[in-house]
**Student:** 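There's a structure below that I have some questions on.
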Amino acid sequence: MSVLVDDDTRVVVQGITGGEGEFHAGQMIEYGTNVVAGAVPGKGGQEVHGVPVYDTVDQAVREEDADASVIFVPPAFAGDAIFEALDTELDLAVAITEGVPTQDMAKVNKRLTETDTRLLGPNCPGLITPGEAKLGILPGNIFAEGNVGLVSRSGTLTYQVVDNLTNRGIGQSTAIGIGGDPIIGTDFVDALSLFEDDPETEAIVMCGEIGGEDEEEAAAFIADNVETPVAGFIAGRTAPPGKRMGHAGAIVSGSGTGTAESKIDALNDAGVPVGDTPEEVADHVEDLL
Amino acid sequence: MSVLVDDDTRVVVQGITGGEGEFHAGQMIEYGTNVVAGAVPGKGGQEVHGVPVYDTVDQAVREEDADASVIFVPPAFAGDAIFEALDTELDLAVAITEGVPTQDMAKVNKRLTETDTRLLGPNCPGLITPGEAKLGILPGNIFAEGNVGLVSRSGTLTYQVVDNLTNRGIGQSTAIGIGGDPIIGTDFVDALSLFEDDPETEAIVMCGEIGGEDEEEAAAFIADNVETPVAGFIAGRTAPPGKRMGHAGAIVSGSGTGTAESKIDALNDAGVPVGDTPEEVADHVEDLL
Amino acid sequence: MKLHEYQAKQVFADAGIPTPPSQLAEDVDGVLSAAGEIGYPVAIKAQVQVGGRGKAGGIELVSDDEEAREAADSILGMDLKGIHVDRVLVEGAVDFVNELYVGVTMDRGEGKPVAMVSTKGGVDIEAVAEETPDAIVREHVDPAFGMHPYQARKAVYDAGVDREVARDVASVLTTLYELWDDRDGADAEINPLMVTDDDEVIAADAVMNVDEDALFRQPEIAEMQEEAASGDELEQKADEYDFDYVRLEGDVGIIGNGAGLVMTTLDLVDHYGGEPANFLDVGGGAKAERITNALDMVFSDDNVESVVFNIFGGITRGDEVARGINEALEAFDEIPKPVVVRLAGTNWEEGMEILNEDLVTVEGTLESAVQRAVEYAEEGQA
Amino acid sequence: MKLHEYQAKQVFADAGIPTPPSQLAEDVDGVLSAAGEIGYPVAIKAQVQVGGRGKAGGIELVSDDEEAREAADSILGMDLKGIHVDRVLVEGAVDFVNELYVGVTMDRGEGKPVAMVSTKGGVDIEAVAEETPDAIVREHVDPAFGMHPYQARKAVYDAGVDREVARDVASVLTTLYELWDDRDGADAEINPLMVTDDDEVIAADAVMNVDEDALFRQPEIAEMQEEAASGDELEQKADEYDFDYVRLEGDVGIIGNGAGLVMTTLDLVDHYGGEPANFLDVGGGAKAERITNALDMVFSDDNVESVVFNIFGGITRGDEVARGINEALEAFDEIPKPVVVRLAGTNWEEGMEILNEDLVTVEGTLESAVQRAVEYAEEGQA
């Protein structure tokens with residue numbers, strides 16, 4: 001009743017000795033995540049929250065059988081940390097770091113074509129399978145176990161939509177924040193396909209925003225490949241064309257695609273109802289279940 | 001009754017306006033090879049031996065349906081020329097150029113893992129299917145049509161062995177010079193596997209030399225995968241350890257593998273008779289047929 | 001971060017791309033002395049970052065001192081699409097027979113760099129891309145290898161550039177790619193790349209946008225940033241505070257964390273009949289001081305009649321946010337405009353305990369908070 | 001092409017790798033003045049390119065002028081494994097607690113670069129590789145991306161380098177890789193990389209081999225080549241003529257085209273009871289002059305009693321070869337040693353027509369040509 005992570009997932013935290021890394025490693029453990037190691041060059045042999053730290057990810061994987069990594073490494077070193085994770089036998093690497101240079105990510109993107117390790121992020125909140133494991137910075141207490149899969153480009157918007165669902169008693173199978181950067185690992189199509197293949201996910205919520213064409217591509221994928229019902233939300237309906245709204249993803253090119261209208265139309269055409277407000281999204285999900 | 005090339009092969013010659021390119025394009029055409037285009041930046045629109053020249057390989061492939069390329073480009077630009085060939089829809093690129101920097105070839109080697117185009121060479125004489133097509137600089141008149149596949153690391157040694165075969169009336173299905181550089185495209189194993197799959201090739205001659213472990217790997221491959229009888233020759237039996245003999249391939253590391261002895265033993269263990277002289281190789285081939 | 005034309009030209013010229021002789025000038029005398037050194041005819045070009053400078057009167061071609069004085073007088077000090085012109089570039093005019101376009105950018109959809117060449121330079125290249133997409137040749141680059149020389153040639157020959165200048169254009173494109181790669185470019189463009197009648201190529205304009213996330217390793221570019229700062233005062237302030245901020249036309253000030261959530265808040269203001277005054281994302285993990293700065297930003301906009309503060313904590317903690325709001329508002333004798341606060345997520349209970357509810361209106365949901373702020377704004381306008 | 005230690009150290013130091021202070025000296029006074037500036041103790045190291053310099057007495061550690069004078073006297077001018085020592089490097093001695101090995105080379109089998117680290121530095125690293133291969137950690141590098149920083153760390157930590165110096169060692173390895181990559185290295189090694197008791201790392205030796213095929217784009221290295229030239233006169237001559245040449249112990253001189261064919265000719269000389277005097281490959285497409293030079297090379301070796309010329313033309317043309325042989329031999333009043341010629345392949349008939357058969361013995365097959373040359377050599381020795 002989940003995708004990608006569950007309570008068997010063995011997690012290594014890259015950057016566990018830094019402020020954020022230490023804090024969120026603690027939060028993850030508290031939530032019940034099976035954090036088995038940290039990895040920080042030069043800090044091997046230490047312990048954080050009772051978890052052994054290794055100098056390299058490879059050592060952590062070898063010694064502790066880790067199969068997933070969460071990356072809290074400052075932007076200047078995050079590209080290298082992602083490569084380090086991708087070049088091990090991990091199944092999943094989750095990059096939380098915000099502000100990774102785009103050219104670093106273009107190189108990472110190239111490596112992704114050569115490895116079996118899946119990347120989520122960067123600049124994403126991570127993912128959570130409620131009641132089992134969270135990898136990232138999502139506030140665990142707003143989630144509830146259930147059968148709705150959620151995928152979103154925006155972190156805090158995810159929380160908002162989840163809050164609306166949970167408040168109505170609608171739990172989540174897994175919630176995945178894919179991040180809003182121009183170049184990311186797992187995208188909407190990947191996440192939708194995972195949920196489609198998960199027998200326990202009975203409905204999907206997809207939260208997009210203006211900029212790029214990922215939502216349009218996702219809509220086309222849904223029309224052809226997804227039988228699980230999907231409800232949508234698109235942020236940025238009122239953003240003026242040409243203005244940059246926060247992260248780089250949110251640029252309206254004005255050339256027909258990338259606008260909120262184009263995305264909403266594409267989703268509607270694929271049979272996906274799109275809510276005007278987070279509350280309306282929750283209404284749609286209730287209808288679909 | 002051949003591998004890789006025949007009289008249908010449509011050849012583009014990269015560097016056709018240079019001295020060697022022009023000379024050997026003429027020789028290839030004279031032999032009967034279907035040379036359909038040349039490619040030289042800035043020379044598009046010209047003709048050489050009645051063959052149209054294009055500015056890029058891509059244009060030559062698009063306009064003339066070329067499916068193989070032969071590269072006569074000076075060493076400083078050869079790496080780029082090989083990349084240009086590999087990034088089209090060609091089936092085969094043959095790099096004749098001697099003296100390509102090894103680091104350029106390491107990058108090419110990386111690209112080879114990402115493309116379907118096969119590379120032969122560099123620093124190789126090319127290949128020939130007698131009576132049909134030759135791509136490269138091999139002297140066509142010493143070859144004869146027949147059923148012996150030949151693969152060799154050394155150009156002129158190939159000619160020597162072929163001469164011994166042809167003089168006895170033993171013709172060749174295809175002869176492939178893989179080149180002696182440290183990093184090459186098609187290797188012994190690739191060529192052996194092509195001959196093994198060719199129903200018309202009834203025996204194989206494999207000419208190796210000291211240095212590297214390619215012959216040892218080929219011997220292991222023969223033992224497991226090749227039913228066609230193979231005869232062998234290894235040059236460099238008398239080379240003193242540690243001395244560099246001509247091209248970079250010919251370094252005896254002295255560490256057990258790479259020596260003539262190690263290669264001959266490996267071949268013998270795989271059931272491959274190895275001649276002491278080119279004449280003896282021809283004797284073995286006569287026995288095998 | 002976008003460089004000014006004169007900065008980008010300098011960067012391009014330093015990398016070996018041919019550019020016309022030019023000098024920056026801040027007054028009429030400077031223009032005349034620059035023109036004297038360069039030699040007439042020269043172009044006088046307003047150094048402001050707005051599109052369509054030429055059509056708006058920001059570029060003039062002059063052939064003697066009198067014309068130069070007149071043009072300098074009219075351009076220096078003019079208001080170009082809202083931006084005050086205080087510097088011009090005086091540049092030798094190029095006699096051209098052809099205008100090309102070359103550019104490098106990141107193709108977000110493919111996740112890789114793309115080099116572009118067109119023989120339809122000198123005009124609005126976005127319009128060309130829209131109307132005759134085939135007129136722009138695109139060559140994707142594998143970022144691990146960088147651009148191979150053959151790729152530059154392929155793009156240039158496929159675009160139909162004359163064989164006489166093809167090698168030089170390919171060389172400019174290669175240099176442009178390397179520059180883009182070395183300097184963490186977002187976009188690097190030359191439009192037009194002029195071709196003269198003796199087959200020289202020369203960059204008559206220069207565009208260079210640098211990835212802001214990479215400025216930490218581009219100290220020279222970062223230094224140019226101050227000079228390149230935007231003309232809008234509020235946006236300058238946002239740069240100082242390091243906020244993602246966009247000023248809009250409405251009267252409901254909006255502060256939130258996370259671009260998606262802030263955009264959603266804007267959308268809801270619109271949905272409930274209000275008009276957003278701005279987009280302001282405090283980012284993740286904001287501490288009290290950052291919250292104080294955000295309120296300062298929004299209050300600096302005279303159009304604002306009410307403020308909605310919408311924080312859903314993940315990495316951001318409700319107690320820090322509450323502390324920041326208290327500090328900002330307690331500094332005033334009178335709260336300038338009503339502030340509606342909605343806190344959720346990490347440490348929201350602690351935040352609610354800390355928050356001085358005498359100074360703000362608290363709402364429990366996003367929808368109710370936005371509705372309340374819209375009402376306040378309507379009251380303010382009334 | 002292998003740099004001298006002092007050249008490689010300069011290249012490494014310029015790239016930021018810590019090296020001890022050092023000066024090159026050509027005589028005893030130079031050694032004393034260098035030692036005076038650097039401060040005792042110093043090492044005096046013969047600058048010749050042979051393995052096992054130390055064991056052969058080519059390196060001495062001295063702690064005052066008297067010892068320095070004595071060592072300089074003995075090393076300068078000595079014959080080290082056949083090479084005359086005419087320069088020494090005077091280098092500050094390093095007080096170390098550990099000796100590491102770091103290196104970068106091309107792994108031919110994998111077709112990619114490999115970075116190596118071992119804590120068993122300071123000794124014969126080939127022996128370590130043979131006996132305890134696990135003591136050397138190998139990290140393969142994708143040449144398109146270059147070495148990622150994490151790879152250097154991984155190699156260093158996996159090798160068991162102390163955590164106190166791991167970061168510095170990783171940094172040296174990263175620099176070494178970049179150097180190897182930028183300079184078209186074949187091998188780049190530091191053995192030993194010394195660790196001092198205050199946790200400094202310092203390169204006490206430096207090996208840099210550069211790909212000869214890439215010298216066209218490494219002008220600085222190519223300039224060092226002259227200085228680095230081999231001590232053997234004949235091999236220097238081969239460098240000048242740009243031949244692949246190896247001098248051997250026997251008396252049958254061998255000239256051919258293509259390494260494989262030349263090696264086969266050597267093997268046949270051995271097979272028929274002779275001893276090869278050399279390996280000489282004229283390469284592909286040799287013209288007449290090159291053939292003349294090749295004969296000059298082989299005749300310069302006093303051991304040679306006969307010469308076998310074996311050319312199988314592909315890119316090389318028989319007529320050019322014949323012309324070159326005629327020119328070379330017609331210049332002599334008397335042919336120094338008998339020359340056996342075997343021509344085959346491209347234009348061999350034309351070659352046979354041109355060849356002056358009064359000056360050489362012609363044979364139709366490789367086997368008969370070699371047998372004849374072996375006979376001549378035996379007669380010469382008799």
Side-chain angles (χ1 to χ4, degrees), chain A residues 20 24 75-76 96 98-107 109-112 125 136-139 141-142 152-160 163-164 180 182-184 207 209-214 217 233 235-240 243-250 255 260 276-279, chain C residues 51 106 108-113 126 129-130 141-145 180-181 184-186 211-214 216-217 244 246 248-249 256-271 275-276 279 281 283-285 310-316 344-348 365-367 370:
Chain A
E20 282 197 28
H24 287 288
I96 306 301
E98 182 179 349
V100 183
T102 306
Q103 295 197 2
D104 292 0
M105 283 309 303
K107 294 201 175 78
N109 194 46
K110 157 83 174 174
R111 179 69 100 212
L112 286 173
I137 60 172
L138 313 99
N141 59 327
I142 61 170
S152 171
R153 252 164 91 180
S154 162
T156 47
L157 175 59
T158 311
Y159 312 158
Q160 177 65 50
D163 204 41
N164 293 41
I183 301 179
I184 56 175
C207 297
E209 58 188 43
I210 51 169
E213 299 180 15
D214 294 359
E217 280 166 26
F233 183 76
R237 295 157 179 253
T238 54
K243 289 280 188 182
R244 189 185 144 120
M245 294 270 171
H247 53 62
S255 68
D276 276 354
T277 67
E279 275 298 326
Chain C
M106 186 66 79
R108 177 196 160 130
E110 295 280 321
K112 42 174 88 155
E126 279 81 13
E130 191 87 354
V141 177
D142 181 328
F145 287 99
W180 179 89
D181 188 43
D184 275 300
D211 180 1
E212 312 229 349
D213 287 334
F216 69 88
R217 61 186 178 199
D244 277 321
V246 181
L248 302 168
E249 309 283 314
N257 62 327
L261 186 60
V262 179
M263 282 196 285
T264 300
T265 313
L266 265 74
D267 293 349
L268 284 185
V269 167
D270 179 73
H271 184 74
E275 281 185 69
F279 169 102
D281 178 8
N310 179 34
I311 299 289
F312 208 123
I315 213 166
T316 310
T346 307
N347 290 14
W348 77 271
T365 71
L366 171 56
E367 288 79 2
V370 168

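Chain naming here is simple, since letters A, B, ... match the order of the sequence lines and numbering starts at 1 in each.
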**Student:** Using a 4.5 angstrom heavy-atom cutoff, name the option from A:Asp214, A:Leu112, A:Asn109 with the most pairs to chain C.
**Tutor:** A:Asn109

**Student:** Which bit of C:Glu249 is near chain A, if near means a heavy-atom gap under 4.5 Å: side chain, backbone, both or neither?
**Tutor:** neither

**Student:** Are any non-hydrogen side-chain atoms of A:Ser154 and C:Met263 less than 4.5 angstrom apart?
**Tutor:** no

**Student:** Among the options C:Pro276, C:Gly283, C:Gly313, C:Gly284, pick out the one with the most heavy-atom pairs lying under 4.5 Å from chain A.
**Tutor:** C:Gly313

**Student:** Of the backbone (N, CA, C, O) and the side chain (C-beta and beyond), which part of A:Leu157 lies under 4.5 Å from a heavy atom of chain C, both, or neither?
**Tutor:** both

**Student:** Does any N or O in the side chain of A:Thr156 come within less than 3.5 Å of the main-chain N or O of C:Asn257, such that one atom is a donor and the other an acceptor?
**Tutor:** yes

**Student:** Look up atom CD1 in A:Ile183 and atom CD in C:Glu110, then write down how far apart they are to the nearest 0.5 Å.
**Tutor:** 10.5 Å

**Student:** So, taking the atom named OG1 in C:Thr316 and the one named OH in A:Tyr159, what distance separates them when rounded to the nearest 0.5 Å?
**Tutor:** 8.0 Å

**Student:** Measure distances from A:Lys110 to the heavy atoms of chain C and classify the residue's part below 4.5 Å as side chain, backbone, both or neither.
**Tutor:** side chain

**Student:** Taking all non-hydrogen atoms of both residues into account, name the closest pair between A:Ala235 and C:Gly260 and its distance.
**Tutor:** CB-O, 3.6 Å

**Student:** Would you mind telling me which of C:Thr265, C:Leu266, C:Leu248, C:Val269 makes a side chain to side chain contact (heavy atoms under 4.5 Å, CB included) with A:Thr238?
**Tutor:** C:Leu266

**Student:** Less than 4.5 Å to any heavy atom of chain A: does that hold for the side chain of C:Asp211, its backbone, both, or neither?
**Tutor:** side chain

**Student:** Report which part of A:Leu138 has an atom under 4.5 Å of a heavy atom belonging to chain C: side chain, backbone, both, or neither.
**Tutor:** neither

**Student:** Is there a side-chain contact between A:Glu279 and C:Thr365 in this structure, where contact means two heavy atoms from C-beta onward sitting under 4.5 Å apart?
**Tutor:** no

**Student:** Report the C-alpha separation of A:Thr102 and C:Glu212 in whole Å, then their side-chain angles, then the decisive distance to 0.1 Å, and conclude whether the side-chain contact (heavy atoms from CB on, under 4.5 Å) test is met.
**Tutor:** CA-CA 9 Å; A:Thr102 306; C:Glu212 312 229 349; over 6 Å; no

**Student:** Is A:Glu20 in contact with chain C via its backbone, its side chain, both, or neither, using a 4.5 Å heavy-atom distance?
**Tutor:** side chain

**Student:** Would you say C:Asp213 and A:Val100 make side-chain contact, with heavy atoms under 4.5 Å?
**Tutor:** no

**Student:** Give a yes or no answer on whether the side chain of C:Asp267 reaches the backbone of A:Arg237 with a donor-acceptor pair at less than 3.5 Å.
**Tutor:** yes

**Student:** Quick one: which of C:Gly111, C:Ala186, C:Ala144 has the most heavy-atom pairs under 4.5 Å with chain A, could you say?
**Tutor:** C:Gly111

**Student:** Quick one: of A:Asn141, A:Ile184, A:Ile96, A:Asp104, who has the most non-hydrogen atom pairs under 4.5 Å with chain C?
**Tutor:** A:Asp104

**Student:** Kindly determine whether C:Thr264 and A:Gln160 satisfy side-chain contact (heavy atoms from CB on, under 4.5 Å), including the steps that lead there.
**Tutor:** CA-CA 10 Å; C:Thr264 300; A:Gln160 177 65 50; 5.7 Å; no

**Student:** Between chain C and each of A:Ser152, A:Pro139, A:Pro75, count heavy-atom pairs under 4.5 Å; write down the option with the most.
**Tutor:** A:Pro139

**Student:** Restricting to non-hydrogen atoms, name the atom on A:Gly211 and the atom on C:Arg108 that form the minimum distance, rounded to 0.1 Å.
**Tutor:** O-NH2, 4.2 Å

**Student:** State the OG1-CZ distance between A:Thr158 and C:Phe312, to the nearest 0.5 angstrom.
**Tutor:** 10.0 Å

**Student:** A:Gln103 side chain to C:Trp180 main-chain N or O, any donor-acceptor pair under 3.5 Å?
**Tutor:** yes

**Student:** Thinking salt bridges, do A:Lys107 and C:Asp142 make one under a 4.0 Å N-O criterion?
**Tutor:** no

**Student:** Check whether C:Asp181 gets within reach of chain A through its side chain, its backbone, both or neither, counting any heavy atom under 4.5 Å.
**Tutor:** both

**Student:** As an exercise: rank C:Asn310, C:Leu366, C:Thr346 by heavy-atom pairs under 4.5 Å with chain A and give me the winner.
**Tutor:** C:Leu366

